[in-house]
Peer 1: 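Here it is, the structure, as structure tokens.
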Amino acid sequence: MYRFIWYLLPGLLFPLLTSCVKDTDFDQLQEVVITPEVDVNLLFFEINSNEFVDPVTGLPRMVLSDVTDIPFLDDSDTQEGIIRADFLYEFDNFTSIDYQVTISFRRGADNVTYSVDFIVPAGAVANPQSHIVLDQVEAPQIYDLTQANKMAVTVDPLGQLPAGGSLVMRSKATFYLLINGQ
Amino acid sequence: MRYCIPLTLLLVLGQLALAQNKPVLYDLAEVPQSLMLNPGATINQDAHVGVPLLSGFHLNVGSSGVTLFDVVGKQDGDVTQRLSSVLANLNNRDFFTVHQQLELLNFGWRSGRNRYYSGGIYQELDMITYFPKDWATLAWYGNTDRLDYPFKFNDITARFDALSVFHFGVNEKIGRHWHLGARVKIYNSMLSVSSLNNKGSFTTSLAAGESANIYAHKLSRAEVSIRTSGLSRFEGDLTPGGAVGTGLLGGDLGLGFDIGGTYAFDDQLKVSASLLDVGAIFHTSDVKTYQAVGDEVVEGIELDFPALASGQSPPPYYAIFENELEAAVPIDTLYSAYTQWRPVKLNAGVSYGFGPAAPGSPACNCTKKGRPFAFESEVGLQYFAIKRPKGVQMAASVYYLRRLFRFLLVKSTYTVDALSASNIGLGIVGDFGNFNIYLAGDHVLKYGNLSKSNGLAVQFGMNFKFLNK
């Protein structure tokens, strides 16, 4: 009977003392690639026709432009991670004139890294014209775009200033990210 | 890749289940530490003293729903696809846990014929974090294909406690049938960090009148907090003296108790139950709670096209956007004290002895001194439950105990719990003169390759036990 213990005890203790983590390969985590797609609102505005007149001087403003910081692009992880961006610009034109709209991405005040421009067709106060622009940006332009830290919009009334109504814009972006484990 | 590691390292790398369940030690009268699981347990010895720092060590590390092999196992196929499957299979009630206890002191003595006092100090580290399914999904896939889905903040649930516990208990044999016991505990919290009871959600939907832009990014009734206590004690250079001081009643104090009892119908059949850690810690010093509360619909950045004079800059739209967001959902730091309940545990068991008298046992329970009568074999059922942040976690065990020799017994358990339905536990207890040593582990069938195990638990300790002859 006592001999039994010399077989039993090692049998009990051996697994505890020599436990193994095997059949694993931690290096493969470097091969993990995730590709989230993130939808976010961007800029929006409504320009009433009277905004084309300077309220202080009373002089016409032939072109309206504005700019905002977008620091979320100005980040090394973001710049490396974004492989494609789809920008959607939706317009409702309640005025009777066409507009040339330019969307530009800038690094600093003047360095345009990417821009797109298009015509928004005329509508009417009672019958607005909807216009949708989809701008897909992939390599290599995406690398330029993601160098930007500002986004600017320029609205240029074509031919004459609007007499009434407004121009509405809504926008969003779908960012396609690629993040790997390396 | 193959990692063969000794026990101590294994303890760090292993995985476990219901972290505070100790089915092998429960109701094991030959081990003095069974009093820590049931202050009303039956006791064999007349006095005991644990080897300081070595009388009781327990560690569990584990996860539910996923094993290490599932993540980094050598398998065919793309690792990204495999991780996607893991993500799909886990839910927000799956958890990862680490529980560790180290006894600094443990002692006990019999007073009179029927009363046994015991006390000591142990250090405990307990961590549980639930899998934040919604937020992992958002990070993995993004929100594009999940419009209208509310990503819930209550998926973020985690708790970490490091404390020392000073305890003193009494066990009383009452009549022929009963052992009843109680233990008072003073908790000394060294560090506590928790994020519990978060509320609200984040949803991206088409505007539908809720936003002037294309989407409405909605933070709905968000209430998210992280409570900390004792963090600054570990900032900077923590000296050994400072750590000892914090461990010896230098932290936030709390009070609790254990109660338990055993009813022996006869020498063969007995039932037992205990309720442990009924108490709370009062976090009053070095408390910081970071809290974000609010509702907000994020529309994006609205441009105003102001008429600017030469040299004027456009409005700082992004800063305004950030300020509005911070005003709607402010992140506050609170310094008010809070009370945190300990995770209360319930143990229960029924055991049945049979066979001949155990080796070294007297023929009956009639000598009143020395070893009590014991059968060679014992079978039983045990139940364990613990209150965790997202509800009660339970485990059920059956066991077989065999007293092989006068100085050696073996107890094996089979446990079903939230992590596994194939948990075999094994424990051995040796009594070599007055020296008592025990070693117990769960999930022993998985020890050959821990990467495929959901859990691992190991306990060991050394004591000196004394019997009145």
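Letters go in sequence order (proteins before strands), and every chain restarts at 1.
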Peer 1: Kindly write out the residues that satisfy salt bridge (Lys or Arg N to Asp or Glu O under 4.0 Å) with A:Asp86, not counting sequence neighbours, or none if the list is empty.
Peer 2: A:Arg84
Peer 1: Using only atom types and a distance under 3.5 Å, with no angle test, would you say the side chain of A:Asp66 pairs donor to acceptor with the backbone of B:Phe305?
Peer 2: yes
Peer 1: Is the backbone of A:Leu42 close enough, under 3.5 Å, to the side chain of B:Asn213 for a donor and an acceptor to pair up by distance?
Peer 2: yes
Peer 1: Within the side chain of A:Asp25, is there an N or O that forms a donor-acceptor pair under 3.5 Å with the backbone of B:Gly73?
Peer 2: no
Peer 1: If I measure from the heavy atoms of chain A, does B:Pro316 come under 4.5 Å with its side chain, its backbone, both, or neither?
Peer 2: neither
Peer 1: Between B:His217 and A:Asn41, is the side chain to side chain contact (heavy atoms under 4.5 Å, CB included) condition met? List the steps.
Peer 2: CA-CA 8 Å; B:His217 300 295; A:Asn41 279 332; 3.6 Å; yes
Peer 1: Once you measure the plane-to-plane angle for A:Phe72 and B:Tyr318, does it fall in the parallel (<30°), tilted (30-60°) or perpendicular (>60°) bin?
Peer 2: tilted
Peer 1: Name the option with the most non-hydrogen atom pairs under 4.5 Å to chain B; the candidates are A:Val153, A:Thr35, A:Asp54.
Peer 2: A:Val153
Peer 1: Do any N or O atoms from the side chain of B:Ser451 and from the backbone of A:Thr24 form a donor-acceptor pair under 3.5 angstrom?
Peer 2: no
Peer 1: With side chain to side chain contact (heavy atoms under 4.5 Å, CB included) as the criterion, how do A:Glu37 and B:Tyr141 come out once you've worked through the C-alpha distance, each side chain's angles and the decisive distance to 0.1 Å?
Peer 2: CA-CA 6 Å; A:Glu37 298 172 14; B:Tyr141 294 110; over 6 Å; no
Peer 1: Check the pair B:Phe321, A:Asp69 against side chain to side chain contact (heavy atoms under 4.5 Å, CB included), reporting the backbone distance first and the verdict last.
Peer 2: CA-CA 11 Å; B:Phe321 165 77; A:Asp69 292 332; over 6 Å; no
Peer 1: Cut-off 3.5 Å, side chains only: do A:Asp39 and B:Tyr215 have a donor facing an acceptor?
Peer 2: yes
Peer 1: For B:Val72, is there any backbone N or O sitting under 3.5 Å from a side-chain donor or acceptor partner on A:Gln28?
Peer 2: yes
Peer 1: Tell me, for B:Ser313 versus chain A, whether the close heavy atoms (under 4.5 Å) come from the side chain, the backbone, both or neither.
Peer 2: neither
Peer 1: Below 4.5 Å from any heavy atom of chain A, which atoms of B:Ala139 appear? Answer side chain, backbone, both or neither.
Peer 2: backbone
Peer 1: Considering only heavy atoms, which portion of B:Leu303 lies under 4.5 Å from any heavy atom of chain A: side chain, backbone, both, or neither?
Peer 2: both
Peer 1: Most heavy-atom pairs under 4.5 angstrom with chain B, which of A:Pro55, A:Ala109, A:Ser65?
Peer 2: A:Ser65
